[in-house]
Amino acid sequence: MYGKLNAQRFAQALYRIVLKGSPDELAIIAEELTFSAAPLVSYATDLGRLKNYHIMRDEVPRKRVSKVEAYANDLLLLLGDKRLCRSIVAVSPGTALAIFQEIQEMKKFGIQVETFGCNIVTEALLNADSFLFNETESYESGLIGYHKPLSQAIFSNYEMVENIGTLLDPNIDAGGKWTAAQLGAYCRAVKLTLGSYAKGGYRGHSFVLYRAKSNIEHAASDVYLLDGTDEISFDDQVLARLRVVIEFIVDAVSILDEHKLSGELQLRIRKTENGGLGTFYDHLAEMIFEVIFAASAVTSPHSQCWWVQHNTVWSSLFNFNRLQTTVGKIVKFKVRRLMYDEIVRMHSSPNFKGAKILGFCLNVMGLKLGNPTYDRDSRALHRAVLAWTKRNFSWLNSYNHRVAEASLVDSLTYEPANQRLVKTYAAGGLRREPTYVYLDLDPLQDSTTLRSSGSDQE
């Protein structure tokens with residue numbers, strides 16, 4: 001056990017073992033380190049606000065560090081060795097449990113465990129038998145799944161996670177390198193931190209949660225790989241990751257609703273408010289918007305386009321009484337605003353992102369208003385998008401036909417001679433012949449006039 005009398009010898013012995021890197025020796029020392037968790041955390045220097053706010057150390061009075069404290073600092077850095085962290089995760093997760101429990105009990109969130117924490121989480125994600133995959137739900141993992149001891153110790157204290165800063169930043173490349181199982185395990189960890197953030201009544205910007213949101217959002221950025229694929233397996237990793245992202249969004253809304261934060265929600269955040277950072281509700285809305293944009297890249301064939309855009313994304317978040325809680329309604333309002341603003345931005349600057357969002361809307365909502373009991377929470381957006389398309393699509397096609405074409409998914413075509421968009425429902429199943437739905441467009445001259453008028457009002 002580490003202490004004042006053996007600090008130097010303990011540090012030198014551990015250094016030699018880690019330097020040697022023998023898996024067998026690392027497994028043994030990983031187990032032995034459990035007994036030194038308390039003294040290591042106790043003796044280590046707590047940098048506190050120095051670490052997080054980048055205050056110049058010269059501005060703070062220097063404190064003489066004792067030998068036992070200095071070695072404790074070095075040992076915590078040594079624990080960050082990837083090979084040692086791999087052994088701790090595989091054979092002695094109780095060591096990680098003991099260290100993080102001691103950090104919480106002593107509230108020493110400023111000690112130097114950034115590398116250790118990051119590598120423990122990284123190795124846990126890379127090991128399918130680690131605590132991140134076994135501490136799921138009680139019906140899957142029994143009592144351990146109910147208690148989630150390690151996950152709770154590492155992720156359930158928002159103040160600790162924010163101060164350490166690296167626990168939600170694993171060294172795994174986002175996107176193609178994530179598997180759906182890894183992403184699901186990561187999302188469970190993030191939800192624990194988000195729950196602590198909401199329950200604790202925090203209102204400020206969270207850097208760790210914002211980065212975690214970006215990691216999860218980016219995991220769906222390769223949905224475009226499904227475009228043009230004739231058949232997509234339900235177990236396809238790209239599609240599976242997209243489902244995990246959608247599930248995280250739904251669960252995050254439930255967490256925020258559960259802790260009654262809705263009283264301070266604002267429908268619109270001005271750029272000058274909150275330093276332009278917005279709230280976590282705005283971050284969730286932005287996340288949904290980016291997921292919709294990612295899904296909009298799948299435009300053919302029609303069956304796969306519909307499955308990804310409507311069945312996987314849109315119908316999981318909108319309509320059918322989805323997300324009908326207070327927070328859910330506010331987040332969906334913000335999403336609708338983001339989508340419409342992106343489309344309207346093409347008034348002044350036609351662009352492919354706006355075109356893709358327009359194409360997504362026309363595909364999932366259709367060219368005609370539907371049943372108000374089914375699409376109640378998207379009806380206003382639907383009506384606005386159809387009105388904008390009717391006024392401006394002919395102009396958009398004449399101004400930049402490539403941008404206009406980008407808004408047409410498979411089965412949706414533009415007939416310039418008839419000044420209309422055509423949605424074709426191919427024959428198949430009980431439909432013996434193709435059926436068509438039309439959206440008549442304003443003539444080009446009138447469309448240009450209306451566009452100029454609309455731009456003057458912005």
Step-by-step salt bridge (charged side-chain N to carboxylate O under 4.0 Å, His left out) determination, R211 to D169 | CA-CA 8 Å; R211 292 197 302 272; D169 292 325; 2.9 Å; yes
I would like to know whether Y186 and W178 meet ring pair (Phe, Tyr, Trp, His ring centres under 6.0 Å); could you show each step before the answer?
-> CA-CA 10 Å; Y186 178 74; W178 289 98; 5.3 Å; yes
Before giving the answer on ring pair (Phe, Tyr, Trp, His ring centres under 6.0 Å), spell out for Y202 and Y158 the whole-Å C-alpha distance, their side-chain angles and the decisive distance to 0.1 Å.
-> CA-CA 9 Å; Y202 295 96; Y158 167 72; 4.6 Å; yes
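Side chains of T229 and Q304: no donor on one and acceptor on the other come within 3.5 Å. Side-chain atoms of T166 and E114 form no donor-acceptor pair, as typed in the model, at a separation below 3.5 Å. A donor-acceptor pair shorter than 3.5 Å cannot be found between the side chains of S156 and S196. Side chain to side chain, T325 and D257 meet the donor-acceptor criterion of an N or O pair below 3.5 Å.
Ring pair H283/F280 is perpendicular by interplanar angle, where above 60° counts as perpendicular and below 30° as parallel. Classified by interplanar angle (parallel below 30°, tilted 30° to 60°, perpendicular above 60°), the ring pair W306/H302 is tilted.
Crowding of Y15 atom OH: a count of heavy atoms from other residues, nucleotides or ligands under 6.0 Å not exceeding 12.
Between the side chain of S254 and the main chain of V250, a donor-acceptor pair closer than 3.5 Å is present. A distance-only check finds no donor-acceptor pair linking the side chain of N163 to the backbone of G110 [under 3.5 Å].
Cation-pi contact between K353 and F293: present, with separation from the ring centre below 6.0 Å and deviation from the ring axis of at most 45°. In this structure, R243 forms a cation-pi arrangement with F234, its terminal cationic atom sitting closer than 6.0 Å to the ring centre and no more than 45° off the ring axis.
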